[in-house]
Q: 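Let me begin by handing over the structure; questions about it come next.
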Amino acid sequence: QVQLVESGGGWVQPGGSLRLSCKASGFTLDNYVMGWFRQAPGGEREGVSWIRSSDGTTYYVDSVKGRFTISGDNAKNTVDLQMTSLRLEDTAVYYCATVVSGRLWTRVLSGEYDYWGQGTQVTVSS
């Protein structure tokens, strides 16, 4: 079965850290762009970070820049999102999604992802 499965979510106090992991099963992550997205209650889904496997280039939205780090591990078939200095406004369901075929970055810009995970809840509160 081809799927992405997120893990690592949970509850953390403001200023704390969490590490999310997105594991691919049923296919191999070798040439891809992976993105992490989040959706807060009542809000729209937003992309927060992306990684391009061909050269390791990473992208972050301004709100997480300097606090989140995305990384890929082809041996483990995973892409992780290390989140530090977490804020109340980081509370959301976090999803990973990947493009593995075609013109990868063009499809990313068009929102044409091949696979999505089911999401993992991150709650930041005191």
Side-chain angles (χ1 to χ4, degrees):
Q1 184 178 2
V2 175
Q3 60 180 352
L4 295 176
V5 179
E6 302 97 335
S7 61
W11 174 85
V12 65
Q13 292 184 328
S17 300
L18 282 175
R19 188 177 185 91
L20 305 183
S21 187
C22 175
K23 183 169 180 62
S25 62
F27 67 104
T28 301
L29 287 175
D30 48 16
N31 183 36
Y32 63 89
V33 174
M34 182 76 79
W36 278 96
F37 298 78
R38 65 186 181 187
Q39 186 167 19
E44 294 186 354
R45 187 175 63 197
E46 63 167 343
V48 296
S49 182
W50 294 262
I51 185 167
R52 183 169 63 194
S53 65
S54 60
D55 59 4
T57 300
T58 57
Y59 303 88
Y60 303 91
V61 294
D62 286 346
S63 60
V64 307
K65 203 170 292 184
R67 301 188 298 121
F68 290 11
T69 303
I70 191 171
S71 61
D73 187 333
N74 286 359
K76 295 181 179 179
N77 225 27
T78 59
V79 172
D80 290 354
L81 186 68
Q82 177 68 49
M83 306 186 296
T84 63
S85 301
L86 283 162
R87 304 169 180 169
L88 298 176
E89 56 265 35
D90 293 319
T91 295
V93 178
Y94 283 72
Y95 302 87
C96 58
T98 191
V99 176
V100 298
S101 63
R103 296 190 175 190
L104 301 183
W105 199 245
T106 299
R107 296 186 65 212
V108 166
L109 294 176
S110 299
E112 297 176 8
Y113 289 85
D114 291 309
Y115 306 111
W116 284 87
Q118 83 291 346
T120 186
Q121 176 70 48
V122 171
T123 302
V124 184
S125 73
S126 54

Q: Look at the side chain of T120 and the backbone N and O of G9, then say whether any donor-acceptor pair between them is shorter than 3.5 Å.
A: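 Yes.
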Q: According to a 4.5 Å side-chain heavy-atom criterion applied to Ile, Leu, Val, Met, Phe, Trp and Tyr, with indirect links allowed, do V5 and L81 form part of one hydrophobic cluster?
A: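 As far as the 4.5 Å side-chain criterion goes, L81 and V5 are not connected within one cluster.
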Q: Are W105 and V99 in one and the same hydrophobic cluster, where Ile, Leu, Val, Met, Phe, Trp and Tyr link if side-chain heavy atoms are under 4.5 Å apart?
A: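 Same cluster.
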Q: Can you check whether W116 and F37 have ring centres sitting under 6.0 Å from each other?
A: yes
Q: May I have the list of side-chain donor-acceptor pairs in residues 20-29 shorter than 3.5 Å, sequence neighbours left out?
A:
from: S21; atom 1: OG; to: D80; atom 2: OD1; distance (Å): 2.8
from: K23; atom 1: NZ; to: K76; atom 2: O; distance (Å): 2.8

Q: Between CG of L88 and CD of Q13, what distance do you get to the nearest 0.5 Å?
A: 11.0 Å
Q: Kindly state each residue pair satisfying side chain to side chain donor-acceptor pair (under 3.5 Å) with at least one member in residues 88-97, sequence neighbours excluded.
A: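 Output for this query lists R38-D90, R38-Y94, R67-D90.
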Q: Look at the side-chain heavy atoms of Ile, Leu, Val, Met, Phe, Trp and Tyr, link any pair under 4.5 Å apart, and say whether V61 and Y59 land in one connected group.
A: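 Per the 4.5 Å side-chain linkage, V61 and Y59 are co-clustered.
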Q: I need the S53 OG to M34 CE distance, nearest 0.5 Å.
A: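 The distance works out to 9.5 Å.
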Q: Any non-hydrogen side-chain atom of V122 less than 4.5 Å from a side-chain atom of L18?
A: yes
Q: Restricting to pairs with a member in residues 40-80, which pass disulfide (SG to SG under 2.5 Å), not counting sequence neighbours?
A: none
Q: Without swapping roles, check the side chain of T58 against the backbone of I51 for a donor-acceptor pair under 3.5 Å.
A: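 Flag not set: sc T58 to bb I51 has no pair under 3.5 Å.
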Q: Can you name the residues that form a salt bridge (charged side-chain N to carboxylate O under 4.0 Å, His left out) with D114, not counting sequence neighbours?
A: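 Once residues adjacent in sequence are excluded, the partners of D114 under the salt bridge (charged side-chain N to carboxylate O under 4.0 Å, His left out) criterion are R107.
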Q: A quick test of your reading: do over 12 heavy atoms of other residues, nucleotides or ligands sit less than 6.0 Å from CZ of R19?
A: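 Counting neighbours around CZ of R19, more than 12 heavy atoms of other residues, nucleotides or ligands fall under 6.0 Å, so yes.
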Q: Going by side-chain hydrogen bond (donor to acceptor under 3.5 Å, both in side chains), name the residues that satisfy it together with Y32, two or more places apart in sequence or in a different chain.
A: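 Y32 satisfies side-chain hydrogen bond (donor to acceptor under 3.5 Å, both in side chains) with no other residue.
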Q: For V12 and T123, what are the C-alpha separation, side-chain angles and deciding distance, and is it a side-chain contact (heavy atoms from CB on, under 4.5 Å)?
A: CA-CA 6 Å; V12 65; T123 302; over 6 Å; no
Q: Find the distance between CD (Q118) and OG (S7) and round it off to the nearest 0.5 Å.
A: 9.0 Å
Q: So do Q82 and S17 actually touch side chain to side chain, heavy atoms under 4.5 Å?
A: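 SC-SC contact between S17 and Q82 confirmed.
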Q: Which pair of non-hydrogen atoms, one from P14 and one from S126, has the smallest distance, and what is that distance?
A: CD-N, 3.9 Å
Q: Output, in order, the C-alpha distance, side-chain angles, deciding distance and verdict of side-chain contact (heavy atoms from CB on, under 4.5 Å) for T98 and Y113.
A: CA-CA 6 Å; T98 191; Y113 289 85; 5.5 Å; no
Q: How far does CD of E112 sit from CG of L104, to the nearest 0.5 angstrom?
A: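 CG of L104 is found 11.5 Å from CD of E112.
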Q: Report the distance from atom SG of C96 to atom CH2 of W50, rounding to the nearest 0.5 Å.
A: 13.5 Å
Q: Taking the six-membered ring for Trp and the full ring for Phe, Tyr or His, determine whether the centres of Y60 and W36 are under 6.0 Å apart.
A: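 No, ring centres 6.0 Å or more apart.
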Q: If the condition is side-chain hydrogen bond (donor to acceptor under 3.5 Å, both in side chains), which residues does K65 pass it with, not counting sequence neighbours?
A: D62
